[in-house]
Amino acid sequence: MPPRKLLRHLVWLESFTAAVEAGSIDAAAEHLGVARSVVSEHIRSLEMALADGATLLERGPGRRLQLTARGERLFAGTQTPLHQLDMKRLRDLASAEPVVRLGLNPTLSLSLLGKVAQDAAAQGLKLVLSFGGPHELTRQAQTRQLDLALDFTPLPPHEGVESESLLRMPFVVLAGPGCALASSAASRQTLHVRDLEGQPFVDWLRDDPYGGANSARFAAHGVTVSEVARVESFLLLYELLRAFNACAIAPDLRRMHPFPPDIHAWPLQEEEPQAVEVVALWPSGALSLGASTLLDGLRQPV
């Protein structure tokens, strides 16, 4: 099988990376088995394509090559599988303006995106946003496709990723305005799993850990509910509670975002109280300055 031919910008990137790691154009050319002029031409082409001609490498003490600020961001961001490095991604890395690639759990976008966006705008940071579940966000942080990700626990195994807990939330019982609980338990301060016996119930998708937790709760107390729907996000939950006159057990998001006024909520009374955490994830040893700035803002009380 003939060797795979790299896209042109990846050939340029290969010369750039070799020069950084070898410390000189001559050493990079020897490593790649090409003429010195070829490596120089590749690096210059990369600078023209990504940084409007701005320098990515410059001579340092002892004439050893060293990275400029733009070059540092580009080199750090390219330690990832080649197929993920398209030209748009490389331009962001080499941009004069700082770019933060942020991944969000869809539910958290409802609560945190406004604050994050305001902090980014105030600091002159360009945001590149994406959404995903815990497995996708963790994988993208591991492969350095994201500078920062925000998600709920529990998380999948995340070797090569650092994490920090930002907020801890207990569980609550939620009910739509037409649910029987909305009237029968209106004066109650808390509800127990047993109070949901026979109620129409909106559960979480079966591969979602909250759904597994709900099943375990019902089994432990011998409770049977009538499952009317499954959901994967608060973005979908409220309409289902209203349509099916149903209830649900979910994390208490009120410290970040109020529940709709027609949705009733009670703290869930449990013998062994459980909680969910909002966590920040980033590649190990690679928290960029922009991501650190946004993380500092998220550490403040909501």
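Below, each value reflects all heavy atoms present in this structure, side chains not excepted, and no hydrogens, waters or symmetry copies.
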Would you mind reporting whether L241 and L174 have side-chain heavy atoms less than 4.5 Å apart? yes
Can you see which heavy atom on W204 is nearest to which on S233, and at what distance? CZ3-N, 3.7 Å
Gap separating the CG atom of L155 from the NE2 atom of H135, nearest 0.5 angstrom: 9.5 Å
Test salt bridge (Lys or Arg N to Asp or Glu O under 4.0 Å) applied to E164 and R299, step by step: CA-CA 10 Å; E164 178 180 330; R299 290 181 179 123; 2.8 Å; yes
Would you kindly confirm whether L146 and V99 end up in one hydrophobic cluster when ILVMFWY residues are joined by side chain heavy atoms under 4.5 Å apart? no
Step by step, work out the side-chain contact (heavy atoms from CB on, under 4.5 Å) result for L104 and L137. CA-CA 8 Å; L104 281 171; L137 293 178; 5.9 Å; no
If you count the non-hydrogen atoms of other residues, nucleotides and ligands that lie under 6.0 Å from CD in E227, is the total more than 12? yes
So, are E41 and R44 salt-bridged, with charged N and O less than 4.0 Å apart? no
Of all heavy-atom pairs between W282 and D147, which one has the smallest distance, and what is that distance? CB-O, 3.3 Å
Could you report the tightest heavy-atom contact between A19 and I43, atom names first, then the distance? CB-CD1, 3.8 Å
Can you classify the ring geometry of H264 versus W266 as parallel (below 30°), tilted (30 to 60°) or perpendicular (above 60°)? parallel
Please report the shortest heavy-atom distance between A246 and C179, naming the atom on each side. O-CB, 3.7 Å
Would you call L125 and L294 a side-chain contact if the rule is heavy atoms closer than 4.5 Å? yes
Note, L67 side chain near F16 side chain (heavy atom, < 4.5 Å): yes
I'd like to know whether V172 forms a side-chain contact (heavy atoms from CB on, under 4.5 Å) with L268, so could you lay out the CA-CA distance, the side-chain angles of the two residues, the decisive distance to 0.1 Å, and finally the verdict. CA-CA 5 Å; V172 292; L268 179 63; 5.7 Å; no
Spacing of W12 atom CH2 and E47 atom CD [to the nearest 0.5 Å]: 11.5 Å
Hey, is the main chain of V276 close enough, under 3.5 Å, to the side chain of T153 for a donor-acceptor pair? no
Value rounded to 0.5 Å, distance of CG in L205 from CD in E232: 5.5 Å
Any heavy-atom pair between the side chains of L57 and T68 that's under 4.5 Å? no
Looking at CD of E159 and OG1 of T138, how far apart are the two atoms once the value is rounded to the nearest 0.5 Å? 12.5 Å
With side chains defined as the heavy atoms from C-beta onward, is the minimum distance between V279 and F152 less than 4.5 Å? no
Please say yes or no: joined through hydrophobic side-chain contacts below 4.5 Å, possibly via intermediate residues, are F259 and L236 part of one cluster? yes
Hey, is the main chain of G133 close enough, under 3.5 Å, to the side chain of N105 for a donor-acceptor pair? no
Please check if atom CD in E162 has more than 12 non-hydrogen atoms from other residues, nucleotides or ligands closer than 6.0 Å. yes
With L108 as reference, evaluate L253, V278, L113 under the side-chain contact (heavy atoms from CB on, under 4.5 Å) test and give the passing residue. V278
Quick one: are M256 and M169 in side-chain contact, heavy atoms under 4.5 Å? yes
May I ask you to decide if A291's main-chain N or O and S288's side chain share a donor-acceptor pair within less than 3.5 Å? yes
Using every non-hydrogen atom in the two residues, find where G178 and N245 come nearest and quote the distance to one decimal. CA-OD1, 3.3 Å
Is the distance from the ring center of F244 to that of F201 below 6.0 Å? no
Taking a hydrophobic cluster as the set of Ile, Leu, Val, Met, Phe, Trp and Tyr residues connected by side-chain heavy atoms closer than 4.5 Å, whether directly or through intermediates, do V161 and L295 fall within one such cluster? no
Should C247 and V202 be marked as a side-chain contact (heavy atoms from CB on, under 4.5 Å) after you check the CA-CA gap, both sets of side-chain angles, and the distance that decides it? CA-CA 6 Å; C247 61; V202 178; over 6 Å; no
About how many Å separate CG of L127 and CG of L102, when rounded to the nearest 0.5 Å? 6.0 Å
Take R188 and L181 through the side-chain contact (heavy atoms from CB on, under 4.5 Å) test and state the conclusion after the steps. CA-CA 10 Å; R188 297 276 297 274; L181 286 175; over 6 Å; no
Membership question, hydrophobic clusters at under 4.5 Å side-chain separation (ILVMFWY): are Y238 and L112 in the same one? yes
Is it the case that the side chain of D296 and the backbone of T293 share a donor-acceptor pair, with hydrogens and angles ignored and the cut-off at 3.5 Å? no
Taking atom CG of L289 as the centre, report whether more than 12 heavy atoms of other residues, nucleotides or ligands fall under 6.0 Å from it. no
Are H221 and E271 packed together at the side-chain level, in the sense that at least one heavy-atom pair is separated by less than 4.5 angstrom? yes
Derivation and outcome, side chain to side chain donor-acceptor pair (under 3.5 Å), residues H42 and S15: CA-CA 6 Å; H42 287 173; S15 290; 2.8 Å; yes
Side-chain touch F171/I249, heavy atoms, less than 4.5 angstrom: yes
For V116 and L150, work out which heavy atoms get closest and say how close. CG2-CD1, 4.5 Å
Is there a donor-acceptor pair closer than 3.5 Å between any side-chain N or O of R101 and the backbone N or O of Q145? yes
I'd like to know if R217 pairs up with E270 as an ion pair, taking the criterion as any Lys NZ or Arg NE/NH1/NH2 lying under 4.0 Å from an Asp or Glu carboxylate oxygen. yes
Taken to the nearest 0.5 Å, the spacing of L110 CG from H257 NE2 works out to 4.0 Å
Would a hydrophobic clustering, with Ile, Leu, Val, Met, Phe, Trp and Tyr connected at side-chain separations under 4.5 Å, put L281 with L298? no
